[in-house]
Amino acid sequence: MAIQKPTIPKGTRDFSPHEMIRRNYIFRTIEEVFKKSGYQPLETPAMENLSILLGKYGEEGDRLLFRIINSGDFLSGIDPDELTKMSARDLSKRISGKGLRYDLTVPFARFVVQHRNEITLPFKRYQIQPVWRADRPQKGRYREFYQCDVDVIGSTSLLNEAELVQIMDEVFNKLNVPVEIRLNNRKVLAGISEMMGVPEKMKDITIAMDKLEKVGPERVTEEIREKGIPPEAVAKLKPILTFVGTNGEKISFLNDMLASSAIGMEGMKDLKKLLNYLEKSDLSVNYTLDLTLARGLDYYTGTIFEVVATEWQIGSICGGGRYDDLAGIFGMPGVSGVGVSFGADRIYDVMLNTGKFPEAIESSAPVLFLNFGEEEAGYILPLLKQIRQLGIAAELYPDPVKIKKQMNYANQNQVPVVVFIGKDELNEKMAGIKIMATGEQEKVSFDQLMEKLVALTG
RNA sequence: GUGGAUGUAGCUCAGUUGGUUAGAGCACUGGAUUGUGGUUCCAGGAGUCGUGGGUUCGAGUCCCAUCUUCCACCCCA
C-alpha cells in the first residue's frame with residue numbers, strides 16, 4: 001500500500017503542548033469566574049439527534065450542520081429508483097438521524113427538559129466543549145471550535161443579564177483583553193419593525209441593520225428596500241440608523257420613537273432596568289446600547305449581547321442572549337433562559353496577536369534533575385518524590401545522555417532550575433543547582449536541597 | 001453555498017522564455033567541548049516540488065481536475 005501523507009479534516013486543528021498550555025490558561029480563567037458565580041458544570045454528547053438540532057438556528061444553521069450517516073446498511077428501505085431522483089437534501093434526511101452539535105445552548109435546553117424532575121429551577125450551568133459547523137474556514141473561523149457557555153434557565157429576572165455582564169467583565173479583565181460589550185433587545189427590534197408598519201419583516205430588517213457599521217446607512221436602506229419594504233417605512237428607520245448619542249440619549253430617543261409599539265416599550269423597559277443594574281455593578285468594561293446589534297440565531301427573544309475585542313478585529317469573541325421559548329419547543333413551555341458563550345479560539349487568536357499571554361505559564365516543570373547514570377538516578381528517585389509532595393513539579397531526565405543534550409532540553413522547555421547530582425556530588429553529599437536564567441550555579445547540602453528548591457520556585 | 005488567491009525540506013522562502021543531479025536561512029543530528037543550555041565554527045541528514053491526469057523529446061515551471069490554507073460575500077464564536 002502506498003504511503004500517504006497524514007492530514008486532518010478541513011477546518012480542524014491539532015494543538016501543540018505550547019498551544020495547549022495557553023488554551024488551558026484561557027479555559028481555567030473562564031471556568032473559575034463561572035464557578036465563582038454559582039454555575040454548575042455540565043457536559044452533553046458531541047452528537048444529538050437531528051430532530052433536536054434542525055430548525056433552531058435558521059435556514060443557514062441547518063445548512064451548516066454536520067450530519068452523521070446512519071450505521072449499518074443505511075440504504076435499506078430506500079427504493080433504488082427513488083434514490084436516483086432524490087435531492088441530496090431529501091437523501092440526507094433518510095440516511096442520517098444524528099448530527100454534531102452546533103452550539104451548547106440547544107443541547108442544554110434539551111437536557112433541562114429531559115431532566116426536569118432532577119433539577120431545581122432556576123438552574124445555572126456552565127459548559128466548555130467543542131462545537132462543529134460546516135462553514136468555510138477563514139481567519140477566526142473554524143469547523144471545530146470550543147465554546148464556553150454560561151446559562152441560567154428558569155428565571156426571567158434581568159438580574160441574570162446583569163450577572164452575565166459582570167462575568168464578561170471579569171473574564172476579559174483577568175485575561176487582560178480590552179473589549180466593548182454591546183447590548184440590545186430583540187423586543188426593541190420587533191418594536192422598530194412594528195413602528196415601521198412591517199412587523200413581519202423583522203428578520204430582513206435586523207439582518208440589514210446588523211451591517212450598518214460595515215457598509216453604512218445608504219447600503220442598509222438599499223438592502224431593506226430590496227426586500228420589498230415600502231419607502232415610507234424605510235424613511236421611518238433612517239433616524240434610528242443615523243442616531244448618535246450616549247446610552248441614556250439612545251433610551252429617551254427610542255422611547256419616543258417606539259411609543260406606539262407595545263412590544264417595543266416592553267423591550268425598552270427591559271433595557272432601562274438592565275442599564276440601571278449595570279450602573280450599580282461597578283464594572284470596568286465599556287458597554288454600549290447598540291441598536292444595530294441583531295444576532296443571527298433564531299431562538300433569541302429578549303436581551304442580546306455581543307463582545308468585540310478593541311485591539312484586534314476578528315468578529316465577536318463572545319455573544320448570547322435571552323431565549324423564552326427554547327424549552328417550550330421541547331415540550332416545557334414558560335421556562336425562559338439567558339446565557340452567553342465565550343469563543344475560546346477567537347479569544348486565543350486575539351491574545352496571541354496582541355501579546356497577552358503571560359510568560360510565567362510556559363514551563364511545564366520548574367525543576368529538572370540531570371541523569372548521570374543508573375546509580376545517581378536511583379538516588380534521585382526519592383528526592384523526586386519528596387519535591388513533588390511539596391507541590392513542585394519536577395522531572396528526572398530519562399536517559400543518561402550527554403549533559404549538553406540534557407541542558408538543551410532544559411533550555412528548550414524553559415525549565416528555570418536544573419539540579420546536578422553526579423559522582424562528585426554524591427561523594428560530597430552536595431547537589432549542584434543551576435539557575436538557567438542567570439547561569440549562576442551553587443552547591444547545597446542534601447539537607448538543604450528541598451528548602452532551597454522551594455525558595456527558588458515559590 | 002458564491003467569487004478570488006495560494007501550495008517547493010519540520011518552518012520561512014528562492015528557483016530566469018519549459019532544459020543536466022531542485023537551492024538558501026532557521027530548525028534538527030554529530031563534532032570542536034569524554035559533567036554544563038541560550039554565542040561561535042565545522043560536518044551531515046532531510047523534498048514522490050499538495051495530489052491525480054494531460055501537453056511536450058523534456059514540466060517545480062504550461063493546461064485541466066481535486067484537496068489544503070488564506071481573503072471577500074453569506075453567516076457567525
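Here is the naming used below: chain letters follow the sequence lines, and residue numbers restart at 1 for every chain.
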Could you check which nucleotide pairs with B:G30 in any of the strands shown, counting Watson-Crick or G-U wobble with both distances under 3.5 Å?
B:C42

In whole Å, I'd like the distance from the NZ atom of A:Lys405 to the C1' atom of B:U33.
17 Å

Does a side-chain N or O of A:Lys402 approach OP1 or OP2 of B:G31 to a distance below 4.0 Å, or not?
yes

A:Gln138 vs B:A72: side-chain N/O to OP1/OP2 distance below 4.0 Å:
yes

Within this structure, what is the CZ-to-P distance between A:Phe305 and B:A77, rounded to whole angstrom?
14 Å

Nearest-nucleotide pick for A:Phe420, side chain only, options being B:U36, B:U69, B:C75:
B:U36

Think A:Arg182 forms a cation-pi with A:Phe305, using NZ or CZ under 6.0 Å from the six-ring centre and within 45 degrees of its axis?
no

Base-pairing mate for B:U6 - Watson-Crick or G-U, with both contacts under 3.5 Å
none

Looking at A:Lys404, does any N or O in its side chain come under 4.0 Å of the phosphate oxygens OP1/OP2 on B:U36?
no

Report yes if at least one side-chain N or O of A:Lys214 is closer than 4.0 Å to OP1 or OP2 of B:C73; otherwise report no.
yes

In whole Å, what is the span from the CD1 atom of A:Ile304 to the P atom of B:C76?
11 Å

Separation of A:Arg101 atom CZ from B:A77 atom P, in whole Å?
15 Å

Given atom CD1 of A:Ile314 and atom C1' of B:A77, what is their separation to the nearest angstrom?
9 Å

Looking at A:Lys211, does any N or O in its side chain come under 4.0 Å of the phosphate oxygens OP1/OP2 on B:C74?
yes

With a 3.5 Å limit on both atom pairs, tell me what B:C49 is paired to, counting Watson-Crick and G-U wobble, or say none.
none

Check every atom of B:U2, B:U36, B:G35 against the side chain of A:Met407 and return the nucleotide holding the closest atom.
B:U36

